[in-house]
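See structure below.
Side chains are part of it too, since the values below use all heavy atoms of this structure and drop only hydrogens, waters and symmetry mates. So you know, we letter chains A, B, ... as the sequences are listed, proteins then strands, and number each from 1.
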There are 2 protein chains.
Amino acid sequence: MPVASPAAVKAVPPPSGRKVPCEKCPLRDIHALREFSAKELEFVSEFKSGELNVAAGTNILLQGTNSAHLYTILSGWSFRYKMLPDGRRQILNYALPSDFLGLQGSVNDEMQHSVEALTDMTLCVFPREKLWQLYRDYPTLAFDLTWLAAREEQILDEHLLSVGRRTAMERLAYLLLVVFQRAEEVGLTRGNALQLPFTQQHVADTLGMSLVHTNKTLRRLAATKTFRWKDRRFEIIDREGLARIASYEAPKVKARRPFI
Amino acid sequence: MPVASPAAVKAVPPPSGRKVPCEKCPLRDIHALREFSAKELEFVSEFKSGELNVAAGTNILLQGTNSAHLYTILSGWSFRYKMLPDGRRQILNYALPSDFLGLQGSVNDEMQHSVEALTDMTLCVFPREKLWQLYRDYPTLAFDLTWLAAREEQILDEHLLSVGRRTAMERLAYLLLVVFQRAEEVGLTRGNALQLPFTQQHVADTLGMSLVHTNKTLRRLAATKTFRWKDRRFEIIDREGLARIASYEAPKVKARRPFI
DNA sequence: CGACTTGTTGATGTACATCAAGGTACGTGG
DNA sequence: CCACGTACCTTGATGTACATCAACAAGTCG
């Protein structure tokens, strides 16, 4: 039975009162994100209740609990995952700077998934109870949230296609490609290189494969020389080649993506 | 290679001008759905551009195209799916009455998935260009859309866990259970029985398995006598038993679900 | 005209050989 | 100690082939 390494559950620390003013939000430098109007900026500043620094390995959200907070990632990597009672783990998606966490908590009493920090992170914290105010007074921001939810859905669709119907090679090629592209979008790459914070066990749990098989497949895929991955440093060499192996075509995005 | 039966692509007919007034919307009888205020009802009536009757097998939305319309299902079953260039098909989710289709088209230029009617259906049609008006003037409805998107995400999460980490038996038990529960929610069941409009090929493409293996697993699962399924008639006998086999726990929903 | 036969098709059920993926074990190197 | 790499054996899943059965259409005969 494929059982993931038992994740040590670290609880989240309380949010610090510290509030970097939103005008100086580091996310505003990211070109792929839309800009806020002065009025929006003012509201978001007010909406924000503080910042949170969490260490790698911390569980930001935990399956079976409820969270009074919503988060926007300011820096660092994390992943959403679910676990079965016997410890089998499925990683659902990775979350990078500008991604939004916790919206599902508005539908269910209890979170149906967990989120764990892959690296040290900084999070922007919003109280869930003010969410309604956002919908009432800031339709542009409300639309942004829907946009983000629909985008998450679209990523999950593609991921499900991978796990359900792509071969191990295809899956792996697809994952590496997509992760690189998403990191690139938010400025985490330097040229064709990227610091990849996850292990082969993470990859295995993302693609629904065993660790051993992931390793073997990774070796076979590396032989195509479409990328290099050694000691956390990932370098993409032949993007089109990877896409071809994955039989994946990147969707065209309609507009610059929003962030809250 | 597991290739789905080649789906004949039938185009959607143009929406009929016919508009059943929203006060008489058949969905309003469903207890699980929230009620609309008079003002909301008035707007939705205006938002609605017509109705659409489609035959089983019709593609309501098509991967790679863009759709000017959004749909709420008034009656009938359909499924969202993606296909790889060589014909491998992954069914992402089923859509039942009160479910909303097409929101992803607001994020991407082109649809990244298709939707096919499983049975004859009636759809309520909305023009996408009026969506912004809804966000601007009807925050409660905007919130409903977000709620629906978050719910879809939650279903996909669980589905991904299934395909990635559950065994064939568990997957199958999970699917049958969840489909029954969703049908029950919108009043499509009679006691413990349900008209199931899909074939074993659909099940296979949903769970990421081959047709043959689906059939064998279905036989083994049927031997547990937790359900009966013959000639489109599905009867659930031991719900808790199925849930135990699937190691699945149904999430608690926070509020009565909305529909547009 | 209706009843019966025949052929076709789609869905299901099963056998068997093959193969991709899993599990265990035991390396290495940092 | 943990992440990675690899060998070896096992098993779960696939692909192909073929059989059954019901639904349906077309054609034939009394």
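In this structure, the NE2 atom of A:His213 is 17 Å from the P atom of D:dC4, given to the nearest Å. One can place CG of B:Asp231 at 8 Å from P of D:dA22, the figure rounded to the nearest angstrom. Distance, B:Arg233 CZ to D:dA22 C1': 18 Å, rounded to whole Å. Regarding A:Met209, its CE atom lies at a distance of 6 Å from the P atom of C:dG22, rounded to whole Å. One atom, CG of A:Leu211, and another, P of C:dC26, lie 17 Å apart when rounded to the nearest Å. The interatomic distance linking B:Gln201 (CD) with C:dT9 (P) rounds to 18 Å, in whole Å. In this structure, A:Arg232 atom CZ and D:dC4 atom P are separated by 7 Å, rounded to whole Å. B:Lys216 has its NZ atom 11 Å from the C1' atom of C:dG13, to the nearest Å.
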Under 3.5 Å, N/O pairs linking protein and nucleotides 17-20 of chain D:
none

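By the 4.0 Å N-to-carboxylate-O rule, A:Arg88 lies close enough to A:Asp86 to be salt-bridged with it.
Note that B:Arg228 lies outside the cation-pi zone of B:Phe234, set by a 6.0 Å cut-off to the ring centre and a 45° limit from the axis. Annotation: cation-pi geometry satisfied between B:Arg166 and B:Tyr174 (NZ/CZ under 6.0 angstrom from ring centroid, within 45° of ring axis).
Side-chain proximity of B:Arg219 to the nucleotides C:dT14, D:dA13, C:dT12 is greatest for C:dT14.
When the side-chain nitrogen and oxygen atoms of A:Asn215 are compared with OP1 and OP2 of D:dC4, none of them lie within a distance under 4.0 Å.
Proximity of a side-chain donor or acceptor of A:Asn108 to a complementary backbone N or O of A:Met111 within less than 3.5 Å is not detected.
Checked against side chain to side chain contact (heavy atoms under 4.5 Å, CB included), B:Thr65 has the following partners two or more places apart in sequence or in another chain: B:Leu62.
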